[in-house]
Every structure is written in structure tokens, then in C-alpha cells.
Amino acid sequence: MLLSGTKESEAGYASIVLDADTGEVLRSRNADTRNYPASLTKMMTLYLLFEEIDSGRMRLNQKLTVSKRAAGQPASKLGLKRGATISVRQAIMALATKSANDVATVIAEAIGGSEWEFAAAMTNRARSLGMRRTRFRNASGLPNRKQLSSARDMGVLAMAILRDFPHYYDYFSAETFTYQGKTHRTHNNLLNRYPGMDGMKTGYIRASGFNLVASAVRDGKRVIAVVFGGRTAKSRDSHMVKLLDIGFARMAERDVHRGERQFAVLNSRNIPIPVFKPGVKLQVVSGILLPTRPRPNIGQWAIQIGAYRSVVAAEVALREASRRLPVLLDRASAALTPVEMKRGDVLYRARFLGLDKGDATKACRSLKAVTMPCAVMPNPDYRLAQSKAS
């Protein structure tokens with residue numbers, strides 16, 4: 001089912017399963033051996049692009065120009081022509097779904113000046129994230145005998161994306177991408193087929209076999225799993241299902257052993273979310289179930305940390321903000337409110353309710369300092385309570 005090895009790398013097959021919140025290793029095989037990452041490389045390309053956007057150096061609607069070198073990249077590709085342009089938002093979608101090599105080069109040249117310089121920046125960022133066995137030579141993952149990584153390192157990168165860019169995570173959940181009238185389907189066959197799976201990235205070159213980084217949530221727990229070296233896409237996917245099942249089973253056994261209690265349900269789709277502390281009470285606000293802590297007064301202010309296209313992306317943002325600001329948000333209530341848009345689209349607003357204005361302002365200032373979106377707003381919970389009182 002899986003490759004036994006390749007000449008250039010230490011082992012063809014490698015895997016690791018991680019608790020996404022803590023980094024605890026739940027299972028591993030050859031996790032530190034160096035293998036060809038193939039298009040898993042594009043996760044780091046996107047990581048650096050997300051940094052550029054959040055720093056203000058690039059914008060989602062910004063147009064990127066296609067060079068002769070970018071247009072000449074081999075498939076998988078969009079088929080961009082020299083001199084054409086593509087927006088940053090379209091470029092993100094092209095990498096996350098189509099895994100377009102020409103677009104990866106466009107991004108690399110826009111940020112680094114040349115793909116070689118961008119690859120050096122990718123390697124430096126990998127080192128800073130703790131990816132000790134990784135070296136990049138291009139932005140796409142196309143064959144290069146010196147471009148190597150490990151299952152553990154790719155797990156570290158997946159955790160970093162969830163931690164540092166929760167507001168962009170829903171791009172990895174996209175099943176299709178339409179560009180110039182042509183719709184491309186994601187290469188991730190398990191997306192939304194395995195219960196709770198919402199990302200992240202596939203990869204394949206002949207020397208690597210079929211690779212996959214997967215992230216899934218179940219019963220309020222998130223697992224990240226990495227596979228290198230599948231003989232076929234089908235066998236890789238089957239193996240990934242087994243690894244994810246093992247991960248969730250081992251976390252459940254661990255939590256029973258530790259006596260941990262389950263977290264409360266947070267959103268209207270009845271998906272359990274591991275936000276804040278176990279044992280919290282439930283309260284209904286504007287028809288949404290949310291956990292709350294007893295307090296004598298309801299604060300008049302709230303903060304919104306984004307409106308997301310998926311429940312999971314909003315969940316990740318709430319968890320990350322809570323982790324970063326445990327004191328300021330300790331007495332706040334978390335709310336995830338669906339808002340129906342035109343054409344039937346739904347956005348999920350992620351908010352913390354019940355703050356005073358000073359704490360709300362401090363919280364937003366702190367979150368913006370780590371490039372998380374945040375806006376101070378009146379607390380709808382407070383207005384609802386006032387209207388009932390009157």
C-alpha cells in the first residue's frame with residue numbers, strides 16, 4: 001500500500017498524528033526522516049503570503065503579474081499567460097484547491113523578487129517555527145533533490161497555520177475554485193467526506209508518492225495527521241482515515257484517564273467546540289447557544305474577531321483569541337452567530353460578549369498586535385437584556 005523508500009530520501013513512508021491544541025504526538029512512524037514534501041510545500045508558501053497580507057504589505061484584491069518563468073511552470077497549473085494578472089485572493093484559492101504550480105511561482109516572485117530568494121525565506125521561516133528537518137528550494141514542491149521535509153515538520157507547519165492565521169483557515173476547506181469560467185475541484189478527496197475534516201493539503205511527485213496533511217475536529221477535539229509516501233491517492237486516503245480514527249480514539253482514552261470533562265456546545269449547527277473551560281453553563285442569546293460564566297452585570301461592549309465562511313474557521317479563531325487573552329476574556333461569553341448573505345451564502349460572526357469598554361479596547365489592541373482582526377462594538381446581549389427588563 002505504501003512506498004518502502006526512495007534513493008534520495010531516508011524513507012518513503014512516514015506519518016505522524018498530533019493533538020492540534022497541544023502538539024502531543026498520538027502516533028508516529030518515521031516522523032523525523034526526510035522525504036520530498038511535494039505540494040505540501042505550498043502550505044509554507046501560503047503561510048508567508050498570509051504574513052504579507054496581515055502586515056499590510058499585500059492586499060487580497062491586489063493584482064499579481066505573471067512572469068515568463070511562472071507561466072512556464074509544469075502542471076498542475078492554471079495555465080496563466082505571461083503578462084496576465086491574478087488577484088491575491090484568487091492565488092490563495094488556486095494553491096489551496098488546484099495546487100497550481102504557476103501561481104506558486106507568481107506568489108514567490110511577488111514577495112521575494114525571485115523564487116530562489118523566496119525559497120530561502122521559506123527555509124528561514126521553517127527554522128523559526130521549529131521545522132528542523134526542512135529545506136525549501138522552490139515555492140511549489142516541484143522535484144528538487146535538495147527540497148526535503150519530514151512528517152513532524154509538516155505537522156508543526158499545520159499547527160502554525162491554525163495558530164497564527166485562523167482567519168484564513170477556511171481557504172483550506174474550499175472544495176472548488178472557479179477561475180475565468182472554469183471550475184477546479186480540490187485534490188483533497190477526504191474533505192467533508194471524513195466526518196469533521198476541514199483541510200488541509202495534498203501533495204504528489206513521483207519521488208514522494210502521495211502525501212497528505214489533514215486536520216479534523218470531533219467532539220470538540222482537533223487532530224492533525226500527516227502521511228508521506230502513499231502508493232496511490234486511494235491507499236493514502238484510506239490510511240489517513242485510519243490515522244485520524246486512531247488519533248481521536250487515543251485522545252478520548254487519554255481524556256478519560258485524566259478525568260477531563262467535555263466542553264460545551266457553542267453554535268447553532270450543534271457542533272461541539274473546545275472553547276474556554278469545561279463545565280460552563282449554557283445560555284441562549286438571540287437564539288444561539290453559548291457558554292457563559294455567572295456575573296452580576298452584563299458588560300455593554302463586545303468584540304468581533306471576524307466573519308467566516310465556515311463554522312470551523314470561526315471556531316478556530318475563538319479558540320485562538322481565548323488562548324492568547326485568557327485574563328481579558330475570562331469573564332466574556334463567546335458567540336458564534338450565522339448571518340445569511342445574498343445568494344444564500346452564510347457567514348459566521350465570531351464574538352466575545354459582555355466586556356466593559358476598557359477591556360474590549362485592550363483585547364482588540366492585543367489581538368491586532370498579533371495580526372488577528374478585531375473590532376469593538378456594542379454588546380447585542382446587553383441590548384437584549386435591557387429590552388426584556390423594560
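Worth saying up front: this structure is predicted, and the values here are computed from it rather than measured.
Residues Leu142 and Val66 do not share a hydrophobic cluster, clusters being chains of Ile/Leu/Val/Met/Phe/Trp/Tyr side chains in contact below 4.5 Å. Note on Leu60: it clusters hydrophobically with Met58, by side-chain heavy-atom contacts below 4.5 Å among ILVMFWY residues.
Here the closest non-hydrogen pair linking Ser76 and His187 is OG-CE1, 3.9 Å.
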Determine all donor-acceptor pairs shorter than 3.5 Å in which one atom belongs to a side chain in residues 170-180; sequence neighbours excluded.
{"unit_1": "Asp170", "atom_1": "OD2", "unit_2": "Arg309", "atom_2": "N", "d": "3.4"}
{"unit_1": "Asp170", "atom_1": "OD2", "unit_2": "Arg309", "atom_2": "NE", "d": "3.2"}
{"unit_1": "Ser173", "atom_1": "OG", "unit_2": "Asp198", "atom_2": "O", "d": "2.8"}
{"unit_1": "Glu175", "atom_1": "OE2", "unit_2": "Asn192", "atom_2": "ND2", "d": "3.0"}
{"unit_1": "Thr178", "atom_1": "OG1", "unit_2": "Thr183", "atom_2": "OG1", "d": "2.9"}
{"unit_1": "Tyr179", "atom_1": "OH", "unit_2": "Thr85", "atom_2": "O", "d": "3.4"}

Contacts table for residues 90-98: side-chain donor-acceptor under 3.5 angstrom, sequence neighbours left out:
{"unit_1": "Gln90", "atom_1": "OE1", "unit_2": "Ser87", "atom_2": "N", "d": "3.1"}
{"unit_1": "Gln90", "atom_1": "OE1", "unit_2": "Ser87", "atom_2": "OG", "d": "3.3"}
{"unit_1": "Thr97", "atom_1": "OG1", "unit_2": "Met93", "atom_2": "O", "d": "2.5"}

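Between Asp164 and Arg324, at least one side-chain nitrogen of the basic residue sits less than 4.0 Å from a carboxylate oxygen of the acidic one, meeting the salt-bridge criterion. By the 4.0 Å N-to-carboxylate-O rule, Arg218 lies close enough to Asp245 to be salt-bridged with it. The pair Arg250-Glu253 does not count as a salt bridge, with every side-chain nitrogen at least 4.0 angstrom from each carboxylate oxygen.
Under 3.5 Å, the side chains of Ser15 and Arg27 contain a donor-acceptor pair of N or O atoms. Using a 3.5 Å distance cut-off with no hydrogens or angles, the side chains of Tyr36 and Asn211 do not pair a donor with an acceptor.
To the nearest 0.5 Å, atom NZ of residue Lys81 and atom NZ of residue Lys68 are 14.0 Å apart.
Remark: Arg349 engages no residue in a salt bridge (Lys or Arg N to Asp or Glu O under 4.0 Å) (not counting sequence neighbours).
In this structure, Arg82 places its CZ atom where only 12 or fewer heavy-atom neighbours from other residues, nucleotides or ligands lie under 6.0 Å away.
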Stepwise side-chain contact (heavy atoms from CB on, under 4.5 Å) check, Leu162 with Ser215: CA-CA 10 Å; Leu162 282 162; Ser215 178; 4.1 Å; yes

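For the pair Lys234/Phe210, no side-chain contact is recorded, criterion being any heavy-atom separation below 4.5 Å from C-beta on.
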